[in-house]
Visitor: 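This is the structure I have questions about; it appears just below.
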Number of protein chains: 2
Amino acid sequence: MILDSETKAVELPEHHGDELRLWLRLLTCTTLIEGEVRSRLRERFDVTLPRFDLMAQLDKVPEGMTLSDVSKRMMVSNGNVTGLVERLVESGHLDRRTSDADRRVQVIRLTKAGRAEFRKMAAEHELWIADVFGDLTPKDVRELMRLLAKTKASAQKSAKARAG
Amino acid sequence: MILDSETKAVELPEHHGDELRLWLRLLTCTTLIEGEVRSRLRERFDVTLPRFDLMAQLDKVPEGMTLSDVSKRMMVSNGNVTGLVERLVESGHLDRRTSDADRRVQVIRLTKAGRAEFRKMAAEHELWIADVFGDLTPKDVRELMRLLAKTKASAQKSAKARAG
DNA sequence: GCCAATTACTTGAAACCTAAAGAAATCTGG
DNA sequence: CCAGATTTCTTTAGGTTTCAAGTAATTGGC
């Protein structure tokens, strides 16, 4: 480590190990929690996480959404959504119809049965999550929310700068 | 909202929306960054994220690791590691041999070429990550590290309690 | 020594996921 | 109107991922 002309601590070459460790820790937390939720969904309701996530998106919008909307919100590819929706229509959880206004567009909604099943799962899911974060104080939660919001904004800016 | 006998704010039924929102935000951040890293690895080095992750694990341990070790560290299933390793051995990045002491065990290491390629990728990867977290102050980074450590511990405790 | 339990890994089936190419409908600028 | 660009969705190929079942080697109890 050396001191530059304005007496700030700097390193050559620049060292970014802290950010890397932060990223790995963030990833570990998410993987851990995601795995836990996945296990519980499977053993309790015999449902996969992607299906639960898709139903969660649809539960927020009773009038339904297009496949593109789902794709953007879930941050997964279009082709992925096509298959996921196919299986959930097949199992009776989703209702799917072509838009009258634009025949390219497919609008999907939860069926009555699908909604009922989702609500049941969501109620337990919320308790699992509360338990997972159980050792954090309300202040910790607020502070994490704030820092993750900042992280999200920073990451989006970085992604946008690359894509142009 | 009501006030209980000790004048603490409580809600009935208990409300865990804050934790749920925190989880969704954590997931959003990770998905966002992971997608960015995935894209950059593909376009810059034509390599997938799981392969990069596996090589990163091996780079830390020159003498090599067993498949089980890799499986635990990467938090993925054994079967997954088998296929991943197979393809990386095929492409010449990994060296694989059966342990003399225990013939059930497969020890894998980076080949010279594999290590060289990984180091090249890792150097850029570190810059990408630094850029992604670029808007966070050093204090933000420290604070996030602390809170995520606490989160990890809490989640592990919760998972352990369920599994018994 | 021997048998049962455990451990390490592989295999198989189904699902998930991406990127890229393709098909169909719509929009846009002459 | 109409040809080209764009949007929406599907398809395809190649990987990744899990879970569960299976195989092989080792360990531990007796």
Side-chain angles (χ1 to χ4, degrees), chain A residues 27 30-32 34-55 64-91 93-94 96-108 163, chain B residues 27 30-32 34-55 64-91 93-94 96-108 163:
Chain A
L27 187 55
T30 300
T31 305
L32 197 59
E34 198 173 300
E36 187 61 17
V37 170
R38 195 186 299 275
S39 290
R40 297 204 197 198
L41 281 175
R42 168 174 289 273
E43 66 186 42
R44 187 77 183 77
F45 299 110
D46 193 31
V47 73
T48 64
L49 182 54
R51 287 181 201 205
F52 178 80
D53 286 343
L54 175 45
M55 292 171 82
M65 318 170 51
T66 70
L67 297 202
S68 292
D69 287 341
V70 173
S71 174
K72 275 174 208 135
R73 291 203 191 203
M74 291 181 73
M75 294 194 277
V76 298
S77 68
N78 276 342
N80 189 4
V81 172
T82 295
L84 210 44
V85 166
E86 210 163 67
R87 287 182 287 271
L88 278 168
V89 169
E90 175 66 26
S91 64
H93 294 89
L94 262 53
R96 167 197 203 130
R97 57 183 187 72
T98 303
S99 164
D100 293 330
D102 185 339
R103 280 179 325 209
R104 289 170 305 181
V105 173
Q106 304 285 318
V107 177
I108 55 173
Chain B
L27 188 55
T30 300
T31 304
L32 197 59
E34 199 173 300
E36 187 62 16
V37 171
R38 192 186 301 275
S39 289
R40 296 204 199 199
L41 281 176
R42 167 174 289 272
E43 66 186 44
R44 188 76 183 77
F45 300 111
D46 193 32
V47 74
T48 64
L49 183 54
R51 288 178 200 207
F52 178 80
D53 285 344
L54 175 46
M55 291 172 84
M65 319 171 51
T66 69
L67 297 201
S68 293
D69 288 341
V70 172
S71 174
K72 275 174 208 135
R73 291 203 190 201
M74 291 181 73
M75 296 194 275
V76 299
S77 67
N78 275 344
N80 189 3
V81 172
T82 295
L84 211 42
V85 166
E86 210 163 66
R87 287 182 287 271
L88 278 168
V89 168
E90 175 67 27
S91 63
H93 293 89
L94 261 53
R96 167 198 202 130
R97 59 183 185 70
T98 302
S99 164
D100 292 329
D102 184 340
R103 279 182 324 213
R104 290 170 304 180
V105 173
Q106 303 285 317
V107 177
I108 54 174

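Here is the naming used below: chain letters follow the sequence lines, and residue numbers restart at 1 for every chain.
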Visitor: Between A/R104 and D/dT6, does any side-chain N or O lie under 4.0 Å from OP1 or OP2?
Guide: no
Visitor: Is the shortest side-chain N/O distance from A/N80 to OP1 or OP2 of C/dC16 below 4.0 Å?
Guide: no
Visitor: Figure out the CD/P separation between A/E86 and D/dT12, and round it to whole Å.
Guide: 12 Å
Visitor: Would you tell me if any nitrogen or oxygen in the side chain of A/R38 comes within less than 4.0 Å of OP1 or OP2 on D/dT17?
Guide: no
Visitor: Just how far, in rounded Å, is P of D/dG15 from CG of B/L84?
Guide: 11 Å
Visitor: Around atom CD of A/E90, are there more than 12 heavy atoms from other residues, nucleotides or ligands closer than 6.0 Å?
Guide: no
Visitor: Rounded to whole Å, how long is the line connecting atom CG of B/L41 with atom C1' of C/dA19?
Guide: 15 Å
Visitor: Given D/dT18, is OP1 or OP2 found less than 4.0 Å from the side-chain N or O atoms of A/R42?
Guide: no
Visitor: Using only side-chain N and O atoms of B/N78, determine if any of them is under 4.0 Å from OP1 or OP2 of C/dA8.
Guide: no
Visitor: Nearest whole angstrom, please: distance from the P of D/dC9 to the CE of A/M65.
Guide: 11 Å
Visitor: Is the shortest side-chain N/O distance from B/R103 to OP1 or OP2 of D/dT26 below 4.0 Å?
Guide: yes
Visitor: Looking across every strand, which nucleic acid part, if any, lies under 4.0 Å from A/M75 by heavy atom: base, sugar-phosphate, or nothing?
Guide: sugar-phosphate
